2 protein chains.
Amino acid sequence: MVTLAEVAQHAGVSASTVSYVLSGKRSISATTRQRVEQSIRELGYHPNAGARALAGKRSNIIALMVPLRTDMYVPVLMEIAIAVATTARTHGYDVLLLTGEEGPDAVRRVTGSGLADAMILMDVELEDERLPLLRGGGAPGRAKSGPGDDQPSVLIGLPADTTGLTCVDLDWSATGALCVEHLAGLGHRDIAVIGEAPAVYERHTGFAERTLDGLRSRARETGVRVLHRPCEGGYDALALTLARIFDERPGTTGFVVQNESAVEPLLALLRQQGRAVPEDVSVVAICPDQVAVQASVRLTSVAIPAQEMGRRAVEHLVAKLDGRGGDEVVLLAPELTVRASSGPAPAAP
Amino acid sequence: MVTLAEVAQHAGVSASTVSYVLSGKRSISATTRQRVEQSIRELGYHPNAGARALAGKRSNIIALMVPLRTDMYVPVLMEIAIAVATTARTHGYDVLLLTGEEGPDAVRRVTGSGLADAMILMDVELEDERLPLLRGGGAPGRAKSGPGDDQPSVLIGLPADTTGLTCVDLDWSATGALCVEHLAGLGHRDIAVIGEAPAVYERHTGFAERTLDGLRSRARETGVRVLHRPCEGGYDALALTLARIFDERPGTTGFVVQNESAVEPLLALLRQQGRAVPEDVSVVAICPDQVAVQASVRLTSVAIPAQEMGRRAVEHLVAKLDGRGGDEVVLLAPELTVRASSGPAPAAP
DNA sequence: TTGAAAGCGCTAACAA
DNA sequence: TTGTTAGCGCTTTCAA
């Protein structure tokens, strides 16, 4: 293994000079810098991560906690994770992958050991046990144990109380509103919402409820009726749900789907029932663009900006670590893309 | 931050005693051990990762390289990654998430900096540029730079030349054979294989070709005809592929699908054409169980054992790090589960 | 613009 | 069974 001392000797300078060439924390004459860089290349030197962390008090590692079982669609999780990893690298950080399994202990372990300088949590629940450990000094009624004791962190998703936390998420409420707006604008008056599995709502995962809120309040404003039905994925579950919807509201002409595994079954069943999309019914999905594009009917959809979420999370975290920027809730504006699954409401019979 | 020295003082012992209590590398009297453990708990001590890595020459971190763009189905990747992370934790290791983006440089960086003790590579290509850096001493024509210089590693997937490498993978060839065997056993004589996108084959990613080999050789043995067609995912592409298949081999009664995004389109199109599954045609999929179960027809399938692959990879790596076990190719035996999509071939007209 | 030297917190000889 | 101590490789004062 090549050490800094060896590089220094090879270049005929002191160790500190090599260190400063690497960190850029003091000015170095062009000639020494070149000699040092030359030696680094020749010897194939890589600074030792442990020694760096020990002496520099920063590991240059960001911990990313991904949930084991989740309400999110797996490809979205993966895309976020990858965006986190690549963005982190552009800022000189590596990413440590933690699973939700360890729970709050993982937070303590990572914080206490200095393994990571900061952490990103995905799929936070409304009342998450890990949050007390992460809240900044702003939270009332909590004594800070000391400066530097709390781990800078960013959540992807919104808990119930965001005091003293930084969060990045899609603006789900605006997303819901946008879907209704689109359908209402096309003249639809009876809209059905096919949602996530009931368990998702019961667990009070924020995004599902927020979407619904947005959906309903815009529905009120536009004078549209909304019928919401949670739904497990798959054909059988959807067949039942769909039957109940048309039973209760035969005049339904618009669908909003927020459940990737219900998308294809919905299209298939509508087809089977002889309801043409978008002539008879319109469908708007809340899903990654890839799903919208690959469906049997190209779907009008609001995209889930996975990459953007990962990127923004890292950027906020890096800003915190650099002493810039503090707690903040970042809501990404939803964007609706019109494709082939939505059109004017059919004239009333 | 609590240090080992503080714990030692609090417990009234020396630093080394605390260290040995933690590592268990020498015998400690029950009473001192208890006092130390008590102090550790009271003070909330966590050993500093950097210092440990520096002094102990091991970071207790395993690097996991996941591909950016991949031929694998994303949920499978994710499942493997999570299995790697959880298994690693049970062995006292954390996982560093690297993306394929950096390529061989990431290997050098991690090796050189001592950031990780070992690495796991997913989705290796047949001729992968990272492999030369990972091959053990066994490879002829390559001088080892020195002992301990090569990173212990495990690949998930098989490259063309496995000399000096440890690999874990599903036995794709046996998987292909198993599919044919099942269909042949049911009396099918004309089988079509709907494969991955052409790009996958062109890139010579091992698994696709191996599956085909297994498929074909067993077909020869059982006197079955096999027609292979690569296929992009989605409805349009599949519609074309399917038309060409029935055009060329009107008597086709069995399908093997190795492409998650072709599964549902295939079922929909067959239905649309009035071909009943499994009465008129049988379908066997190579996909995760979840996909097989959630499809509109519960699919007879060979599972992709994602968790098992992740777990085994870590276990082999840990064995290597502990000086046990060397290079080895581990092929997991495929298992076929019969569900509702396969049945006896229809009597010839 | 550069060098010398004191740690960072831990592990592992070496001693007792 | 326990303590003492010399580093591990780097960062960062302090001095020149």
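Note that this is a predicted model, so its numbers are computed, not measured.
- Between the axis at the start and the axis at the end of the helix from C:dT1-D:dA16 to C:dA16-D:dT1 there is an angle of 30°, using five pairs per end and rounding to 10 degrees.
- Taking NZ of A:Lys320 as the reference point, atom CD of A:Glu328 lies at 9.5 Å (rounded to 0.5 Å).
- Formation of a donor-acceptor pair under 3.5 Å by the B:Arg135 side chain with backbone atoms of B:Thr163 is found in this model.
- Once rounded to the nearest 0.5 Å, the distance linking CD1 of A:Ile120 with CG of A:Leu64 reads 6.0 Å.
- Per the geometry, CG belonging to A:Leu4 stands 7 Å off P belonging to D:dT11, to the nearest Å.
- Judged as a side chain to side chain donor-acceptor pair (under 3.5 Å), and not counting sequence neighbours, A:Glu125 has no contacts.
- A donor-acceptor contact shorter than 3.5 Å links the side chain of B:Thr86 to the backbone of B:Ala83.
- A 4.0 Å heavy-atom criterion places the boundary nucleotides of DNA chain C facing chain A at C:dT1 to C:dG9, written 5' to 3'.
- The CE atom of B:Met1 sits 7.5 Å away from the CD atom of B:Glu6 when rounded to the nearest 0.5 Å.
- Of the residues in residues 16-40 of chain A, A:Ser16, A:Thr17, A:Arg26, A:Ser27, A:Ile28, A:Ser29, A:Thr32 come within less than 4.0 Å of DNA chain C through at least one heavy atom, sorted by number.
- Residue A:Arg58 contributes atom CZ, which lies 15 Å from atom C1' of D:dC10 at whole-angstrom precision.
- Put simply, the side chain of A:Thr162 never gets that close to the backbone of A:Leu165: no donor and acceptor are under 3.5 Å apart.
- Ion pairing between a basic and an acidic side chain is recognised when a charged N comes within 4.0 Å of a carboxylate O; B:Arg312 and B:Glu315 show no such pairing.
- For residues 52-67 of chain A, the set of pairs meeting the side chain to side chain donor-acceptor pair (under 3.5 Å) definition, not counting sequence neighbours, comprises A:Arg58-A:Tyr93, A:Ser59-A:Asp117.
- Of the residues in residues 45-53 of chain B, those with a non-hydrogen atom less than 4.0 angstrom from any atom of DNA chain C are B:Tyr45, B:Pro47, B:Asn48, B:Ala51, B:Arg52.
- Taking 4.0 Å as the cut-off between side-chain N and carboxylate O, B:Arg89 and A:Glu101 do not count as a salt-bridged pair.
- Checking A:Leu155, A:Val107, A:Val110 one by one against A:Met65, the side chain to side chain contact (heavy atoms under 4.5 Å, CB included) holds for a single residue, A:Val107.
- A donor-acceptor pair is defined here as one N or O able to donate and one able to accept, closer than 3.5 Å; such a pair exists between the side chain of B:Asp128 and the backbone of B:Arg130.
- Whole-Å rounding puts the A:Leu54 CG to D:dG7 P distance at 17 Å.
- A pairwise comparison of heavy atoms in B:Gly44 and B:Val2 identifies O-CG2, 4.2 Å as the closest pair.
- Spacing between atom CD of A:Glu6 and atom P of D:dC8 amounts to 11 Å, rounded to whole angstrom units.
- Nearer to the 5' terminus of DNA chain C, by closest-nucleotide assignment, is the contact made by A:Val13 (compared with the other of A:Val13 and B:Ala5).
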